[in-house]
Amino acid sequence: MYVKICGLSEEEHVRTAVEAGADAIGFVLTHSPRRVTPGRAAELAALVPPHVLTVGVFKGEDPDTVRAAALTAGVRAIQLHGVHPHSDFTALKDLGLTLVRAVAADADLRCGAYDEDLLLVDAPRAGAGEPWDWSAVRGRPSGRWLLAGGLTPENVRSAVAAAEPWGVDVSSGVEVARGVKDSALIRAFLTSARP
C-alpha cells in the first residue's frame with residue numbers, strides 16, 4: 001500500500017513520516033491552514049531521502065505560479081487539486097516531475113487522462129477531514145490512484161477494503177488540531193495502512 005502523508009510543516013513530522021515508511025510527503029503551497037512557503041518547503045524537502053516522493057500541493061494557481069513555487073521548493077512532484085484544465089498539466093510536463101491530479105469522485109477517474117502520473121480521489125469537501133462513501137468509487141478509478149478524505153489510523157483499513165485503492169493519502173487524520181500534526185498518529189496511520 002502506497003502511503004502519502006500530506007500537509008507537513010515541521011521537521012519532526014517529516015522525519016517521523018520518513019522513518020515510519022511513508023512513500024510520499026506533501027507540502028501545501030496553496031491557501032490552507034497547512035500552508036508553508038516554497039522556501040520552508042525546500043528546507044523540509046532537504047530532509048527527505050530520494051526514495052520518498054516530495055509533493056508540492058496547489059489548488060487553483062496558474063501553471064507559471066506553480067512552476068516557480070515548485071522549483072523554489074525543490075519538490076519532486078506537483079499535485080494540482082480541484083478543477084484544473086488538461087492544459088495546466090501539459091504546461092508543467094516539461095519539468096520532468098511526477099504530476100498528481102487530485103479530484104472529487106464525480107470527476108474523470110482514469111489515471112493519465114490529463115497526462116498525470118498519479119490520481120488522487122478526495123472527499124467532496126477536500127481538507128475537511130470528513131469521512132465519505134469510499135465504496136462509491138470502488139472499481140471506478142483506473143491506474144495508480146490514492147484514496148483521500150477523512151482517513152484516520154482507526155478507519156484506514158475499512159476505507160481500503162471499501163474502495164480498493166492503490167494507495168492512501170492522509171492529512172487531517174494525523175492531526176491533534178487543525179494544521180498541527182502528531183508523530184504518534186503518523187506512525188499509527190502507517191502501521192494501520194499496511195496490516
Side-chain angles (χ1 to χ4, degrees), residues 2-18 21-104 107-123 126-127 141 143-149 166-172 174-175 179 181 186:
Y2 190 94
V3 180
K4 175 172 170 268
I5 310 291
C6 200
L8 298 184
S9 59
E10 302 294 332
E11 293 177 10
E12 173 199 343
H13 302 137
V14 171
R15 288 194 179 97
T16 296
V18 168
D23 297 291
I25 292 173
F27 305 115
V28 178
L29 299 169
T30 190
H31 303 289
S32 164
R34 303 167 185 95
R35 183 178 196 160
V36 294
T37 64
R40 178 61 175 156
E43 293 171 1
L44 296 170
L47 304 173
V48 181
H51 69 275
V52 178
L53 190 67
T54 49
V55 185
V57 178
F58 300 89
K59 184 176 183 179
E61 290 84 2
D62 64 85
D64 289 341
T65 302
V66 171
R67 175 185 296 268
L71 290 173
T72 299
V75 290
R76 295 189 282 276
I78 292 171
Q79 177 176 313
L80 299 183
H81 214 106
V83 182
H84 280 267
H86 192 157
S87 58
D88 283 4
F89 292 88
T90 305
L92 297 165
K93 206 66 172 160
D94 68 295
L95 290 173
L97 302 176
T98 298
L99 296 180
V100 183
R101 179 169 60 99
V103 294
D108 184 336
L109 299 185
R110 295 170 300 149
C111 180
Y114 283 58
D115 292 324
E116 77 275 15
D117 303 289
L118 297 173
L119 177 70
L120 188 150
V121 182
D122 204 348
R144 298 194 307 166
W145 72 280
L146 283 70
L147 181 68
W166 173 79
V168 290
D169 174 284
V170 67
S171 184
S172 58
V174 291
E175 291 178 346
K181 296 293 188 279
I186 291 170

Pair listing, salt bridge (charged side-chain N to carboxylate O under 4.0 Å, His left out) test, anchored in residues 54-64, at least two apart: none
- request: Write out all pairs satisfying salt bridge (charged side-chain N to carboxylate O under 4.0 Å, His left out) with one or both partners inside residues 3-18, taking only residues at least two apart or from two chains.
  value: K4-D169, E11-R15, E11-R40
Would you give the length of the straight line joining atom [atom1] of [X] to atom [atom2] of [Y], rounded to the nearest 0.5 angstrom?
{"X": "K181", "Y": "I5", "atom1": "NZ", "atom2": "CD1", "value": "9.0 Å"}
{"X": "F58", "Y": "L29", "atom1": "CZ", "atom2": "CG", "value": "4.5 Å"}
{"X": "W166", "Y": "L118", "atom1": "CH2", "atom2": "CG", "value": "5.0 Å"}
{"X": "L120", "Y": "H81", "atom1": "CG", "atom2": "NE2", "value": "6.5 Å"}
{"X": "T30", "Y": "R35", "atom1": "OG1", "atom2": "CZ", "value": "6.0 Å"}
{"X": "D23", "Y": "H51", "atom1": "CG", "atom2": "NE2", "value": "8.0 Å"}

What closest approach, in Å, do [X] and [Y] show between heavy atoms, and which atom pair accounts for it?
{"X": "P63", "Y": "A91", "answer": "CB-CB, 3.8 Å"}
{"X": "A41", "Y": "A73", "answer": "CB-CB, 3.8 Å"}
{"X": "C6", "Y": "S171", "answer": "O-OG, 3.2 Å"}
{"X": "V28", "Y": "R34", "answer": "CB-O, 3.7 Å"}
{"X": "C111", "Y": "D117", "answer": "SG-O, 3.5 Å"}
{"X": "V103", "Y": "G82", "answer": "CG1-O, 4.1 Å"}

task: Go through the steps to decide whether D108 and R101 satisfy the test side chain to side chain contact (heavy atoms under 4.5 Å, CB included), and finish with yes or no.
output: CA-CA 10 Å; D108 184 336; R101 179 169 60 99; 4.2 Å; yes
message: Classify the ring geometry of H84 against F89: parallel below 30°, tilted from 30° to 60°, perpendicular beyond 60°.
response: perpendicular
Applying side chain to side chain contact (heavy atoms under 4.5 Å, CB included), can you list everything that pairs with [X], at least two apart in sequence or on another chain?
{"X": "T90", "answer": "H86, D115"}
{"X": "V48", "answer": "V14, V18, I25, V52, T54, R76"}
{"X": "L95", "answer": "R67, L71, I78, L92, L97"}

statement: Sorted by chain and residue number, the salt bridge (Lys or Arg N to Asp or Glu O under 4.0 Å) partners of D88 (sequence neighbours excluded) come out as none
message: Within the structure provided, determine whether L146 and V100 are in side-chain contact (heavy-atom separation under 4.5 Å).
response: no
message: Under the criterion side chain to side chain contact (heavy atoms under 4.5 Å, CB included), I'd like the reasoning laid out for F27 against V75: C-alpha separation, chi angles, the key distance, then a yes or no.
response: CA-CA 9 Å; F27 305 115; V75 290; 4.1 Å; yes
